[in-house]
Engineer: 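Before anything else, here's the structure in question.
So that the names make sense, note that chain A is the first sequence line, chain B the second, and so on, each numbered from 1. What's counted below: heavy atoms across the whole structure, side chains too, no hydrogens, waters or symmetry copies.
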Amino acid sequence: MFRPVSAKPDLVAQEHEILAEWRARRTFERLRAQNAGGPKWSFLDGPITANSPMGVHHAWGRAYKDVFQRFHAMLGEDQRWQNGFDCQGLWVEVNVERDLGFTNKRDIEDYGIAEFVSLCKQRVLTYAARQTEQSVRLGMWMDWNDPDELRRLRDLLAADPSRPTTIEGPDGPVTDSVEMLVGRLGMPDVGGSYFTFSNENNDLIWGFLKECHRRGWLYKGHDTMPWCARCGTGISQMEMNEGYADREDPGLTIRLPLVDRPGEDLLVWTTTPWTLTSNVAAAVGPALRYVKVRQGDAIHWLAKGTLKQALTGTFEVLEERPGSELVGWRYAGPFDDLPAVRKAFATGASPIAADAPYEHRVVAWDEVGEEEGTGIVHVAPGCGAEDFALGKALGLPMIAPLDESGIVVDGFGSLTGRDVRDVTDPIVEHLKHEDRFYRLEPYLHRYPHCWRCQTPLVFRLVDEWYISMGPVYDKPRAELTRAEVDASLRYQIMEVVDRIRWIPSFGYDRELDWLLNMHDWMISKKRYWGLALPIYDCHACGTFDVVGGRDELRERAVAGWDAFEGHTPHRPYIDAVTVACPSCGAPVERIKDVGNPWLDAGIVPFSTLHFREDPGYWQEWFPADFITESFPGQFRNWFYSMLAMSTVLRREPPFVTIFGYALVFGGDGRPMHKSSGNAVDFDEAAERMGVDVMRWMYTTARPEENIRFGWHAADDARRELLVLWNVYAFFVTYARLNGWQATGSSDGSSAGTVLDRWILSRAAATAAVVGDRLADVDAAAAAKAISTFIDDLSTWYLRLSRKRFSRNDDAADRSTAFATLHGALLALARFAAPILPFLTEAIYGNLGGAIAGAPDSVHLTRWPADELAPARDEPLERAMATARAAVELARTLRGSAGIRTRQPLARMWLAVPGGAETELDALVALIRDEINVRAVELIGDESELVERRVKPLLPKIGRKHGSAIPAIMAAARENAVEYGADGSVTLAGVTLAPDEVEILASPRAGTAVAHHDGLVVVIDTELTDDLRAEGDARELQRAIQDLRKDAGLALDDRIEVWVDGLADDAAAHLDDVAEETLADTIHRGPAPAGSAEASSEVALSRGSVTIALCRVRRAGEAA
RNA sequence: GGGGGAGUAGCUCAAUGGUCAGAGCGGCGGGCUUAUAUCCCGCUGGUUCCAGGUUCGAGUCCUGGCUCCCCUACCA
């Protein structure tokens, strides 16, 4: 017997029960064992940042990951099931800093780098445990660590990292110091999720960097970089565009007096006043026109095209010259007295005479424009990349005013020691005092900000480390020679990209576009928590070397190994080791920088697949068959770093297929992000809507479109699943009432009715489509097919079959009906299992548990498509589609005639298109019942019901007949047509050949309606007294059923009914009414006082009738 | 700032240059149903961003403008 099922299920509670059941029965472990040795399907999980609890936006991708893994498991394929955590980098550092209340890097140094790094590791373990729990709740099956074990390691790490401890690995206990054990997480002997902070991950990146160096692609750059003063680190190109935002800066115009033209000055505009301290030149466009203007006593020079925007008040133009004539003019700088300026100028060479000290000069620069400012550009080569390039080209001195925290360095007078963000006011004051100030007004522009902490970036002159991407050639890829590709990493990566299937396909173009525009990859960060870059830069001789791994470091160490031994390769311990310079032999320290975190994630196709310690294993699992991540952002991040590293190491694709999806938006219409404050907590959503509903919402969504997350959308998703649930509940309710049991083998397909065979065919078809779509990475289409099947099952199969379950004296037919619905539901449970793991498990558990020998979980069953395939009957499916269309048309006709479906009609006429005659009798009967007509007459020749119309084929006749077209089309619309004997037609005096027109049959006005497939339906709308009486009886029956429901009666309660005011001809049908409503007696006349439990009134064709009912007490029942 | 894409019903989106611009959702009305919180039918809804142009015919092609999105970017 099946367990009873509520029509209003608590899906959330049920999910928790199933999670407990999976745990208790070790269902996942058994699935892995079952598939061990099967064909391999290699999924590579993109690491999630273990830095905060998940929001609902993380669940989209994780739902996809689980759907595809479960599906491939049902195909019997062996998988690795390894989740990944991203661990190193600024994300984690910034949060630890916040927790500690730190505001800058000095706080970290004071606190102690070792302690700080340990806190970063602890934070990662905390949130890895948390996200593990959340992912399990989502139904995600992975080789999870025990979250409590992760928290235990965290606590031990805090207490004493050197203490030995033991954890249970897949092949037995593993013992090591806490610190080293944490560094071994995810490795084969320890098991569980991979962590990018692992020793192996770091070690393999070292190997990668050494390989880059071997090929000469690694270099140190000296340049002005975008810089975050709060984080104290440079911002790479990959990170830059995360942080563009509108910002209001001071738009400051100042006067620079000309030394050789007393009383005259240059007007210069800047939005970064702090850079004025480092001014060394003023650039003019040599081809632009410049004017001298008088304003009161002052005389200014500026570009002619900027007069209106740059000047305030009236002016008088005195003189005009090309910019080239201004070049070489000397001017007084804005901060000439500062020691730093004097020092730079004393050592800088004058462009006029090599031995003279430098002086401020007007220089020529083609880039200068007139759109903004004054057409005279303030140049500070220490404060901007373009200025830097210009300064380098012209040999100008460089002044770098900021330290790494954005504090003004020594030599800048009263500004020294101040924060760059606070110097605008003192600078303006200074300029006013010196009579250099002209104008200040706010200026709104797009400005880069730190992607992590939103601090506006500054530009600093620094040393950073880069991987060269190679030249960009000014010609199409197809024309490149082999040698050119071999000399440029970016084109090599593109060749790898060519070999990958990108879904959606625009991903391919986006990745190529990024690669073409990518600057060299800046891999260094002047921070603490992350990959220790294994670069040893010799100050003695100026050469640098790269160490390729821990073992190599041990061999080459000349000092400090003891301090490092026993530690993971992180700061500060790694910094103690020095090696001998291979060039001059001097002892060299590691550079202090840590690595770009995308190095950490990019190496995982190697590190997690044991590239080094088990090459055989790596061969088997590389490249990954599949990865899936959110597209926005990853082209320049994870995809890019994996592609770059795999290209360098193997020149092979690291993955074969990539499936990308868009973003989850919050209720405010912005991308959902924790830092945006619009994130919806995952746990809240899971407990409120249930994770199957969430998974359904995500898998039905179009992956290339952003999703707007909302509870309303969740309700829509839930409603659809409740339809399925109600079919299931219906089945269980009546199976229990009838004592029906599954026998194990019967699928009802041979003896079933046309509807039975149809729904089983639909189940087979759906299983095939869902399997095909999932195999092709199209979850939305798979979900859509399931959705259509649920609709078929509920609104067509069950609607039309209901009586076979509830009131059926034919035991064999009843049994067939139960077997059919049972089979359809079990099939659905199986092919929907990857998407809806809980709901399908509940259904399967109740319906399939009874069958001997069946697996005890739907997730241990194999993909059902082949098994179901024999039930497929495509002609029947097509015929049924036609029948459904006919019913819809007839309903439309009823609607427009104002005759409700309960009112029987004498007959309808039906013309079906050729080829749809399969099961015609059964389908006609079905249509007859559904439309409630006594007879259906088939019309072989539909010509009585339709008229011929002509549709001229415009693309064919358009050019030939030109301006006659409107008249031809008007004639066609009015059907003013002459048919020729040869098939030609004449419209508006123009004769068209047979192949220039299409002859259509369209329904005559007044009938209806079938536009395609030639289906035509007509109903007889004449109502006889007899039909009215039967209609009234049906209406009465329906009112009694309503009343039963209102009175809260059980499905099998028997009743006694009173009907007052019913006409005699309708009363002739009362026996039928009594049977349908489970009434023992139907009295005519009013109910005796006090005997009725419920009553109501119903309007019939000949007046209103009062009905009343009460429950009949059974023998032995208390009164 | 540069490059690309898109503007169509209240919303999400269709419509090889072809003659009444369509779906779904929503809204309104009606209907079916003792599994249903569902479902079915009908109706409603349009300056196809604006202004020109090409054409027998333009949502579609061309020119100019406006707005939004994506990619990219320190012009002072």
Engineer: Watson-Crick or G-U wobble partner for B:U36, using a 3.5 Å limit on both distances?
Structural biologist: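 Pairing partner, where one exists within any strand: none, as none qualifies.
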
Engineer: Take atom C1' in B:G22 and the same atom in B:A9, then report the distance between them in whole Å.
Structural biologist: 10 Å

Engineer: State the pairing partner of B:C61; accept Watson-Crick or G-U wobble contacts with both distances under 3.5 Å, and report none otherwise.
Structural biologist: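 Here B:C61 is engaged in a pair, and the nucleotide opposite it is B:G53.
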
Engineer: Looking at A:Arg636, I'd like to know whether one of its side-chain N or O atoms comes within less than 4.0 Å of OP1 or OP2 on B:U72.
Structural biologist: yes

Engineer: Give a yes or no on whether the backbone of A:Ile376 and the side-chain of A:Tyr290 come within a donor-acceptor separation of less than 3.5 Å.
Structural biologist: no

Engineer: In whole Å, what separates the P atom of B:A51 from that of B:G24?
Structural biologist: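 Comparing P positions in B:A51 and B:G24 gives a spacing of 31 Å.
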
Engineer: Describe the nucleic acid contact of A:Gly373 in one word from base, sugar-phosphate, nothing, applying a heavy-atom distance below 4.0 Å.
Structural biologist: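 Nothing, no heavy atom under 4.0 Å.
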
Engineer: Mind calculating the distance between OH (A:Tyr447) and P (B:A73) to the nearest angstrom?
Structural biologist: 16 Å

Engineer: So which one's nearest nucleotide on RNA chain B is more toward 5', A:Cys383 or A:Lys8?
Structural biologist: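 It is A:Lys8, whose closest nucleotide lies nearer the 5' terminus.
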
Engineer: Where do A:Ala1039 and A:Ile1107 come nearest, in terms of heavy atoms and distance?
Structural biologist: CB-CD1, 3.6 Å

Engineer: Between A:Phe459 and A:Phe388, is the ring centroid distance below 6.0 Å?
Structural biologist: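 For A:Phe459 and A:Phe388, the ring centres are not under 6.0 Å apart.
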
Engineer: Are side-chain heavy atoms of A:Met522 and A:Met225 found at a separation under 4.5 Å?
Structural biologist: yes

Engineer: Please state how far atom CD1 in A:Ile235 lies from atom C1' in B:U72, giving the value in whole angstrom units.
Structural biologist: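 Those two atoms, CD1 and C1', are 18 Å apart.
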
Engineer: Does anything in residues 374-391 of chain A form a side-chain hydrogen bond (donor to acceptor under 3.5 Å, both in side chains)? List the pairs, not counting sequence neighbours.
Structural biologist: A:Thr275-A:His378, A:Asn279-A:His378

Engineer: Take atom P in B:C68 and the same atom in B:G31, then report the distance between them in whole Å.
Structural biologist: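 Result for the P pair: 48 Å, nearest Å.
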
Engineer: Would you indicate whether the side-chain heavy atoms of A:Tyr728 and A:Leu839 approach each other to under 4.5 Å?
Structural biologist: no

Engineer: Using the P atom as the reference point in each nucleotide, state the distance between B:G18 and B:C11 in Å, no decimals.
Structural biologist: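 B:G18 and B:C11 have their P atoms separated by 27 Å.
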
Engineer: Nearest-Å distance, CD (A:Glu386) to P (B:G1)?
Structural biologist: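 Those two atoms, CD and P, are 15 Å apart.
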
Engineer: Write down the partner of B:C68 under the Watson-Crick or G-U wobble criteria, each distance required to be under 3.5 Å.
Structural biologist: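 Because both required distances fall under 3.5 Å, B:C68 counts as paired with B:G5.
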
Engineer: Quick check on the 6.0 Å ring-centre criterion: do A:Phe2 and A:Phe731 meet it?
Structural biologist: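 They qualify: ring centres under 6.0 Å apart.
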
Engineer: Say we look at B:U48 and B:A21: how far apart would their C1' atoms be, to the nearest angstrom?
Structural biologist: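 It works out to 8 Å between them.
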
Engineer: Pick the P atom in B:G45 and in B:C40, then give their distance to the nearest Å.
Structural biologist: 23 Å

Engineer: Nearest whole angstrom, please: distance from the P of B:C41 to the CH2 of A:Trp796.
Structural biologist: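 So the two atoms are 11 Å apart, to the nearest Å.
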
Engineer: Counting Watson-Crick and G-U wobble pairs only, both distances under 3.5 Å, name the nucleotide matched with B:C20, or none.
Structural biologist: none

Engineer: To the nearest Å, how far apart are A:Arg702 CZ and B:A14 P?
Structural biologist: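 Rounded to the whole Å, the gap is 6 Å.
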
Engineer: Work out how far the C1' atom of B:G7 is from that of B:G59, and round it to whole angstrom.
Structural biologist: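 Per the computed distance, 11 Å lies between those C1' atoms.
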
Engineer: With both distances kept under 3.5 Å, what pairs with B:G42, Watson-Crick or G-U wobble?
Structural biologist: B:C28

Engineer: Expressed in angstrom and rounded to an integer, what is the separation of A:Ile968 atom CD1 from B:G57 atom P?
Structural biologist: 14 Å

Engineer: Checking all strands, does A:Glu720 fall into the base, sugar-phosphate, or nothing category for heavy-atom contacts under 4.0 angstrom?
Structural biologist: nothing

Engineer: On a heavy-atom basis, which atom in A:Phe635 and which in A:Tyr640 lie closest, and how many Å separate them?
Structural biologist: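 The answer is O-CB, 3.1 Å.
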
Engineer: Could you check whether atom CD of A:Glu1075 has more than 12 heavy atoms from other residues, nucleotides or ligands sitting under 6.0 Å from it?
Structural biologist: no

Engineer: With sugar-phosphate meaning primed atoms plus P, OP1 and OP2, does A:Pro955 contact a base, only sugar-phosphate, or nothing at under 4.0 Å between heavy atoms?
Structural biologist: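 Result for A:Pro955 = base.
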
Engineer: Nucleotide by nucleotide, 5' to 3', does protein get under 4.0 Å of the base (B), only the sugar-phosphate (S), or neither (-) in nucleotides 26-36 of chain B, counting heavy atoms?
Structural biologist: -----SSBBBS

Engineer: Using atom CD of A:Glu511 as one end and atom P of B:C71 as the other, report the distance to the nearest whole Å.
Structural biologist: 13 Å

Engineer: B:A14 and B:C49: how far apart are their P atoms, nearest whole angstrom?
Structural biologist: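 Comparing P positions in B:A14 and B:C49 gives a spacing of 14 Å.
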
Engineer: Distance check needed: B:G4 P versus A:Tyr508 OH, whole Å only.
Structural biologist: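 Roughly 19 Å, once rounded to whole Å.
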
Engineer: At under 4.0 Å between heavy atoms, what does A:Asn517 touch on the DNA or RNA strands: base, sugar-phosphate, or nothing?
Structural biologist: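 It contacts nothing in the nucleic acid.
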
